[in-house]
Number of protein chains: 2
Amino acid sequence: MASLLIAWQLTNKHVLIVGGGDVASGRIDHVLAAGAHITLVSPHDGLHPLTKHHLDTSDRISYHDRPFLPADLDHADMVLTAIDDVAVSRDIAVRCRALRIPVNVADDPSFCDFYFGSQIRQGPLQIMVSTNGKGPKLANIIRRKIEESIPRGAGAAIEKTGLLRERLKERAPGVGGDVGKRRMKWMVELCTAWEMDDLALLDDSQMERLLDEGWEHDIVPTPAELGVAPVS
Amino acid sequence: MASLLIAWQLTNKHVLIVGGGDVASGRIDHVLAAGAHITLVSPHDGLHPLTKHHLDTSDRISYHDRPFLPADLDHADMVLTAIDDVAVSRDIAVRCRALRIPVNVADDPSFCDFYFGSQIRQGPLQIMVSTNGKGPKLANIIRRKIEESIPRGAGAAIEKTGLLRERLKERAPGVGGDVGKRRMKWMVELCTAWEMDDLALLDDSQMERLLDEGWEHDIVPTPAELGVAPVS
């Protein structure tokens with residue numbers, strides 16, 4: 001059976017992570033990147049070097065050198081456990097269900113509201129590969145094939161088109177309706193006509209010229225016409 | 001800011017979808033594939049042809065020809081709205097927050113617990129591309145590049161290795177420990193040595209031979225040694 005792949009929003013949310021080993025250190029990395037605050041509960045002698053590194057370098061982790069306590073769930077918006085004790089982690093999962101807190105128990109699918117997949121992060125671009133637990137190694141192989149197939153500038157191209165769209169909205173404001181459709185149509189034409197590696201190189205003044213010489217005349221200039229340098 | 005990409009589990013869960021237009025029809029497709037039951041609430045004259053098609057072909061949708069009512073939330077495990085009325089959809093989102101029901105409001109990011117991305121589904125293989133709202137068109141372009149980079153047999157390869165791993169577990173049971181490590185090592189070697197298009201072709205008797213001649217002797221036979229036919 002398939003899953004519903006979604007991009008969960010964690011900016012300024014609170015995530016409880018129980019365990020500090022290898023798996024937990026990867027979870028911490030993803031959760032910090034998503035902008036959350038972390039409460040990490042784990043005896044100190046079980047901490048993986050990468051977990052220690054996160055503790056040393058992030059000011060968004062509150063660390064408690066002890067096992068899990070039920071009160072840890074009090075302000076949690078999400079709970080991730082990665083400990084060897086099956087009974088304890090299942091007890092945590094049951095408590096989370098009762099409190100309607102989304103929970104993932106590492107290596108125990110039937111106690112999970114959601115799974116993790118093999119992930120790529122490149123600036124605002126994020127890609128997840130899931131095999132629904134059927135082929136973790138193949139998920140990694142596919143992830144590497146995908147990494148090779150994506151232009152190097154993809155993340156930067158997304159960043160720049162996001163900025164351009166914001167400027168376009170300032171110039172031609174309004175939600176939906178005809179102006180919304182015209183904006184979307186022009187952005188789609190631009191993204192189709194330009195290579196991502198060219199979009200990635202757009203600077204401030206070139207964005208203004210794109211809007212002046214392109215949007216205002218309902219055309220899409222070429223990268224060469226705007227003097228966007230080729231990838232060296 | 002990045003999101004946390006996750007594979008949400010919906011088997012036998014109840015998802016409320018408010019709205020039946022173009023966007024809603026896509027949501028229905030993903031949610032049905034994830035094994036959920038759907039309650040669809042939308043006046044009949046707003047139904048998209050694809051939504052009608054889903055209603056005609058799935059026995060997992062309960063349809064109500066009317067606008068949203070608060071009681072619709074009573075047994076919902078997840079709520080997705082895709083209607084034009086901003087005030088109504090925000091009211092639904094606020095109610096969901098209070099009830100701790102995960103909610104997505106189409107085109108209204110600040111009222112969403114999670115976003116959707118551009119998706120690929122190929123059997124048990126699922127891939128999501130998210131640009132965190134910054135480049136929906138580029139997300140589609142990247143999705144197509146990914147589709148081209150993945151072997152045609154990827155989904156089938158994952159299905160077959162999943163089956164093989166189950167048989168291996170029957171032959172060499174036990175959770176974790178030395179046997180777990182040896183199983184994982186052998187599966188990784190197999191998935192690394194074989195092309196996905198070859199794994200995809202494995203039949204029942206070849207799987208048995210793989211275990212007899214491979215696993216039992218701690219080696220990984222080649223596809224040719226097992227008589228796996230090349231892709232024609």
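Quick caveat, the model's predicted, so the values are computed rather than measured. Each chain gets a letter, A, B and so on, in the order the sequences are listed, and its residues count up from 1.
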key: A:Leu199 versus chain B, the contacting section by heavy-atom distance below 4.5 Å   = side chain

Any side-chain heavy-atom pair of B:Lys137 and A:Met187 under 4.5 Å = no

inquiry  = What's the separation between atom OG in B:Ser130 and atom CD1 in A:Ile158, rounded to the nearest 0.5 Å?
reply    = 8.5 Å

query = Should A:Met196 and B:Lys145 count as side-chain neighbours, where that means a heavy-atom distance under 4.5 Å?
reply = yes

key: Heavy-atom pair with the smallest gap, counting every atom of B:Cys191 and A:Leu138   = CB-CD2, 3.8 Å

ask   = Do B:Ser149 and A:Glu148 have a side chain donor and acceptor closer than 3.5 Å?
value = no

query = Considering all heavy atoms of both residues, which atom of A:Ile101 and which atom of B:Arg100 are nearest to each other, and what is their separation?
reply = CG1-NH2, 3.9 Å

task = State the CG-CZ distance between B:Leu5 and A:Arg121, to the nearest 0.5 angstrom.
result = 9.5 Å

query = Just wondering, more than 12 heavy atoms not from A:Gln122 lying within 6.0 Å of its CD?
reply = yes

key: Distance (rounded to the nearest 0.5 Å) between A:Ile127 CD1 and B:Ile146 CD1   = 4.0 Å

ask   = Hey, does A:Trp8 have a side-chain heavy atom less than 4.5 Å from the side chain of B:Tyr115?
value = no

key: Spacing of B:Trp194 atom CH2 and A:Ile141 atom CD1 [to the nearest 0.5 Å]   = 13.5 Å

key: Pick from A:Asp113, A:Thr192, A:Leu125, A:Leu10 with the largest number of heavy-atom pairs that fall under 4.5 Å of chain B   = A:Asp113

message = With a 4.5 angstrom heavy-atom cut-off, is it the side chain or the backbone of B:Met184 that approaches chain A, or both, or neither?
response = neither

message = Whether the B:Gln126 and A:Asn132 side chains hold a donor-acceptor pair (N or O, under 3.5 Å, no angle test) is what I'd like checked.
response = yes

